[in-house]
There are 2 protein chains.
Amino acid sequence: MELASEKPITNADRTFYQLRKDIVEGVIEAGSKLSETELSTKYSVSRAVIREAINRLMSCHLVERKANVGARVVALTLSGLAELYQVREALEGMAARQAARSMPEAEIAELQILMNDHFERVKSGDTYYQEAGDVDFHYRIILGSKNQHLISILIDGLYHLVRMYRVQLGMAGPRVTTAYDEHRNIVQAIANRDEELAELLMRRHILYSRNNIENKLRLSPSTL
Amino acid sequence: MELASEKPITNADRTFYQLRKDIVEGVIEAGSKLSETELSTKYSVSRAVIREAINRLMSCHLVERKANVGARVVALTLSGLAELYQVREALEGMAARQAARSMPEAEIAELQILMNDHFERVKSGDTYYQEAGDVDFHYRIILGSKNQHLISILIDGLYHLVRMYRVQLGMAGPRVTTAYDEHRNIVQAIANRDEELAELLMRRHILYSRNNIENKLRLSPSTL
DNA sequence: CTTGTTTTAAGTGTCGACAATTTAGCCCTT
DNA sequence: AAGGGCTAAATTGTCGACACTTAAAACAAG
């Protein structure tokens, strides 16, 4: 995933993005230890750069560090997933409400165009949709809230962890078309400036999504 | 403010806490530039330590940095205050709801004892209450939610910024007794395990608090 | 005097080395 | 053989120096 606003300037930026990607995608496995010296050789940068990257990853809740001991990639747990989606429900619900209030008409129009594009992909059974499409949808709603704190908490903080759960627990199943309909309805509520409904639908959408993941976990024990 | 869980281990910890305190209390004024070399001499640590501290302050949204240029303390603005309290309303509302669901009986009992203590202070006109007491109250509700993400976002992330606004805009006025009553009612709702009411009262409490600050700002132009 | 360019200095980004702490292995004691 | 304390290796925390970028000062041309 690449966000328009995330252009690496310094080496630390690049390393941070790379590390984050490798953690989210499981190239560096969940729960494993992050050795600074090891990483510095692997990514061809100094330890200072690695340390800064790790510090930033801590802010994202992707790694945890104990002083004088070291950093570990977070472990994926059922309770952690539940807590994460609880917060998401509240925050993205609020984002949808704010978007219904503050999103400029032009941005809503663009969002509707995006939805049409998604429709084509869903129709043709494009698996692309599940991952990037969903992210893109939520991403735009969040930005539409126009609340800097909210944007930062969700985009910089929680979203990569959400993706980590989704990628590593193999979310590819078919909630695609039903999720698409939910997206569509949320956009409609925002276009109608119906704050109440936008929040309600978004909260429900995320709740469904959570139930979907948890059911999948109950069926295939996975490694949790 | 000192939180039980925040015991400085490394030099970077100490420096981070000190810097944060100085920023929140206005010793380092809002909007001012943070020179790494200057700070490193002032706080008697190396630039690496200062850099780590600044990075952590960025996570708290207390400073902003531009690559190759430097870091500045955030500016206090009316819109920023509004956005902050909007997010607070959603998150602390959720915290109150979760606390009503998950807070252990023993913790609720302690909270009620704390409220009695606060009552004594309010009765005797203790100005201590306004600051530390309020923080302490909210702090406990947040911890009572038992949601790690929520706790981290609020305590590590937003709370110090909230305090910064309150301290620097001179919140000493009398919302003390009425705020106390609101606190009391929230605790009661939590004790009754009334999730709905706990969230509602907390949201309203924060909304009142926000109105109070904004009114105060309208009366005394301040420097915003 | 103004504008655009070059130079220069101040400040950040990065690095390798050293100091302090933790952990694991070894030895000694019981 | 089991447990505790000591030693040594590995890892993190901290430091000062160097490289690079940016912004301001000095300068030249119009």
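Note that the structure is predicted; figures quoted are calculated from it, not measured. Scope of the values below: all heavy atoms of this structure, side chains included, with no hydrogens, waters or symmetry mates. In what follows, chains are A, B, ... by sequence order, proteins preceding strands, each numbered from 1.
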| query | For DNA chain C, whose closest nucleotide is more 5', that of Ile9(B) or that of Glu36(B)? | reply | Glu36(B)
| field | 5' precedence on DNA chain D between Lys66(B) and Asn68(A) (nearest-nucleotide basis) | value |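 First, find each residue's nearest nucleotide; the 5'-ward one identifies Asn68(A).
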Provide, to the nearest angstrom, the distance between the [atom1] atom belonging to [X] and the [atom2] atom belonging to [N].
X: Asn11(B); N: dG13(D); atom1: CG; atom2: C1'; answer: 9 Å
X: Arg72(A); N: dT12(D); atom1: CZ; atom2: C1'; answer: 15 Å
X: Arg14(B); N: dT14(D); atom1: CZ; atom2: C1'; answer: 12 Å

| said: Tell me the closest heavy-atom pair linking Leu76(A) and Ala30(A), and the distance in Å. | reply: CG-CB, 4.1 Å
| field | Which atom of Asn147(B) lies closest to which atom of Met94(B), heavy atoms considered | value |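 Residues Asn147(B) and Met94(B), closest heavy atoms: ND2-CE, 4.1 Å.
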| remark: Within residues 46-64 of chain B, the residues having a heavy atom closer than 4.0 Å to DNA chain D are Ser46(B), Arg47(B), Ala48(B), Val49(B)
| Is the NZ or CZ atom of Arg88(A) positioned over Tyr85(A)'s six-membered ring, under 6.0 angstrom from the centre and within 45° of the axis? |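 Yes, Arg88(A) and Tyr85(A) form such a contact.
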| said: Do the side chains of Glu199(B) and Arg101(B) get close enough for a salt bridge, i.e. N-O under 4.0 angstrom? | reply: no
| Which part of the nucleic acid does Thr37(B) contact within heavy-atom distance under 4.0 Å: base, sugar-phosphate only, or nothing? |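 Base contact.
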| message | Need one value for Leu39(B): base, sugar-phosphate or nothing, where a base atom within 4.0 Å counts as base even if backbone is also close, heavy atoms only. | response | nothing
| said: I'd like to know whether His138(A) forms a ring pair (Phe, Tyr, Trp, His ring centres under 6.0 Å) with His183(A), so could you lay out the CA-CA distance, the side-chain angles of the two residues, the decisive distance to 0.1 Å, and finally the verdict. | reply: CA-CA 9 Å; His138(A) 286 274; His183(A) 288 182; 5.5 Å; yes
| For the atom pair CD1 (Ile108(A)) and CZ (Arg193(A)), what is the distance rounded to the nearest 0.5 Å? |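 Going from CD1 on Ile108(A) over to CZ on Arg193(A), the span is 3.5 Å.
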| query | Which listed nucleotide (dC15(C), dG13(C), dC15(D)) is nearest to the side chain of Val45(B)? | reply | dC15(D)
| task | Answer yes or no: does a side-chain N or O of Lys33(A) lie under 4.0 Å from OP1 or OP2 of dT12(D)? | result | yes
